[in-house]
Amino acid sequence: MIPVFNLVGYSNSGKTTLICRLIEKFKILGWRVATLKHDVHGFEMDREGKDTWKHRQAGADVVSISSRGNMAILGFRENDWSLGELLSKIEGVDVILVEGYKGSSLPKMVLLRNQEDFVLLHSLQQVKGVVYWEKEGIENIPYPCFHIEQIDAIFNLVYQEVLTQKKMGVEGG
């Protein structure tokens, strides 16, 4: 079982920046890190005219490409892939950091850019902590709260949750 931790928040709340900082901290420990980002707007990795694009245009349902040091697999279907399906495809790492998937049951850190974002807390499960930009209003939040610049403290919470998941995975397996 690979431990998974989820970072959620509205657009421009600092999720990507925070994940990058957490990756750096895990890498200092020698951990292998995977990330999984949900993009509600859709994305396109393949460039028109390239061979893999031509494969897709010809009707391939899965296109993969590999070179020294890099590999990508693109799967195509009508509906979004479930979080569980995506997580099951990741292997060979020590931790997976997920960006997005607000509705997941994963343990999560919620990023709140301003007071209007606080409403997000009412619709989430498994909240382990909150990262805020503006201190106003956080005194009423029933979770551990960290300013966006408290990277060490944020990392410690995430790290402890990941260690708990690792321990449970070993005991349960």
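From a predicted model like this one, the values you see are computed outputs, not experimental measurements.
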Determine whether L7 and L22 satisfy the following criterion, side chain to side chain contact (heavy atoms under 4.5 Å, CB included), listing intermediate values before the conclusion. CA-CA 11 Å; L7 287 94; L22 294 174; 3.9 Å; yes

Got a donor-acceptor contact below 3.5 angstrom from the E48 side chain to the W53 backbone? no

Apply the test side chain to side chain contact (heavy atoms under 4.5 Å, CB included) to residues L87 and V98: give CA-CA distance (whole Å), side-chain angles for both, the deciding distance (0.1 Å), then the verdict. CA-CA 9 Å; L87 290 172; V98 175; 4.2 Å; yes

Roughly how far, to the nearest 0.5 Å, is CD of Q150 from CG of N156? 11.0 Å

Work out which heavy atom in Q126 is nearest to a heavy atom in S105; give both atom names and the distance. CG-O, 3.1 Å

Hey, could you give me the NZ/CG distance between K128 and N6, rounded to the nearest 0.5 Å? 12.0 Å

To the closest 0.5 Å, what do you measure between OH (Y159) and CZ (F26)? 8.0 Å

Listed by chain and number, what are the side chain to side chain contact (heavy atoms under 4.5 Å, CB included) partners of I23, not counting sequence neighbours? I19, K27, V33, T35, L97

Test side chain to side chain contact (heavy atoms under 4.5 Å, CB included) applied to Q165 and V95, step by step: CA-CA 10 Å; Q165 288 182 42; V95 64; over 6 Å; no

Quick one: do F5 and I151 end up in the same hydrophobic cluster if we chain Ile, Leu, Val, Met, Phe, Trp and Tyr together by side-chain heavy atoms under 4.5 Å apart? yes

Tell me the closest heavy-atom pair linking G30 and D94, and the distance in Å. O-OD2, 4.3 Å

I need the full list of ring pair (Phe, Tyr, Trp, His ring centres under 6.0 Å) pairs touching residues 93-124, with sequence neighbours left out, sorted by first then second residue. H38-Y101

Partners meeting salt bridge (charged side-chain N to carboxylate O under 4.0 Å, His left out) with E139 (sequence neighbours left out): none

According to a hydrophobic-cluster definition based on side-chain heavy atoms being under 4.5 Å apart (Ile, Leu, Val, Met, Phe, Trp, Tyr only), do I154 and W31 belong together? yes

In terms of hydrophobic clustering (I, L, V, M, F, W, Y; side-chain heavy atoms under 4.5 Å; direct or indirect links), are V127 and I138 co-clustered? yes

Only pairs at least two apart or in different chains count here, so list each salt bridge (charged side-chain N to carboxylate O under 4.0 Å, His left out) that has a residue in residues 140-154. K25-D152

Under 3.5 Å, side chain of K102 to main-chain N/O of V8, donor-acceptor pair present? no

H147: ring pair (Phe, Tyr, Trp, His ring centres under 6.0 Å) partners, not counting sequence neighbours: Y132

Please identify each residue that fulfils side-chain hydrogen bond (donor to acceptor under 3.5 Å, both in side chains) with T164, with sequence neighbours left out. none

Would you please name every residue forming a salt bridge (charged side-chain N to carboxylate O under 4.0 Å, His left out) with R56, sequence neighbours left out? none

Please list, chain by chain and in numerical order, all residues satisfying side-chain hydrogen bond (donor to acceptor under 3.5 Å, both in side chains) with D51, sequence neighbours excluded. none

Just to verify, what does S82 make a side-chain hydrogen bond (donor to acceptor under 3.5 Å, both in side chains) with, not counting sequence neighbours? E85

N/O donor-acceptor pairs under 3.5 Å from side chains in residues 107-116, not counting sequence neighbours:
from : atom 1 : to   : atom 2 : distance (Å)
K108 : NZ     : S104 : O      : 2.7
K108 : NZ     : L106 : O      : 3.0
K108 : NZ     : Q125 : O      : 2.9
R113 : NH1    : N12  : O      : 3.2
N114 : OD1    : E116 : N      : 3.1
N114 : OD1    : D117 : N      : 3.4
Q115 : NE2    : E136 : O      : 3.3

Would a single hydrophobic cluster contain both L124 and V131, if residues Ile, Leu, Val, Met, Phe, Trp and Tyr are joined by side-chain heavy-atom contacts under 4.5 Å? no

Verify, without hydrogens or angle tests, whether W133 (side chain) and S13 (backbone) share a donor-acceptor contact under 3.5 angstrom. yes

Using side-chain hydrogen bond (donor to acceptor under 3.5 Å, both in side chains) as the criterion, list what pairs up with T52, not counting sequence neighbours. D46

According to side chain to side chain contact (heavy atoms under 4.5 Å, CB included), who are the partners of V93, at least two apart in sequence or on a separate chain? I2, R32, A34, I90, I96

Give a yes or no on whether V130 and V119 share a hydrophobic cluster (residues Ile, Leu, Val, Met, Phe, Trp, Tyr; joining criterion: side-chain heavy atoms under 4.5 Å apart). yes

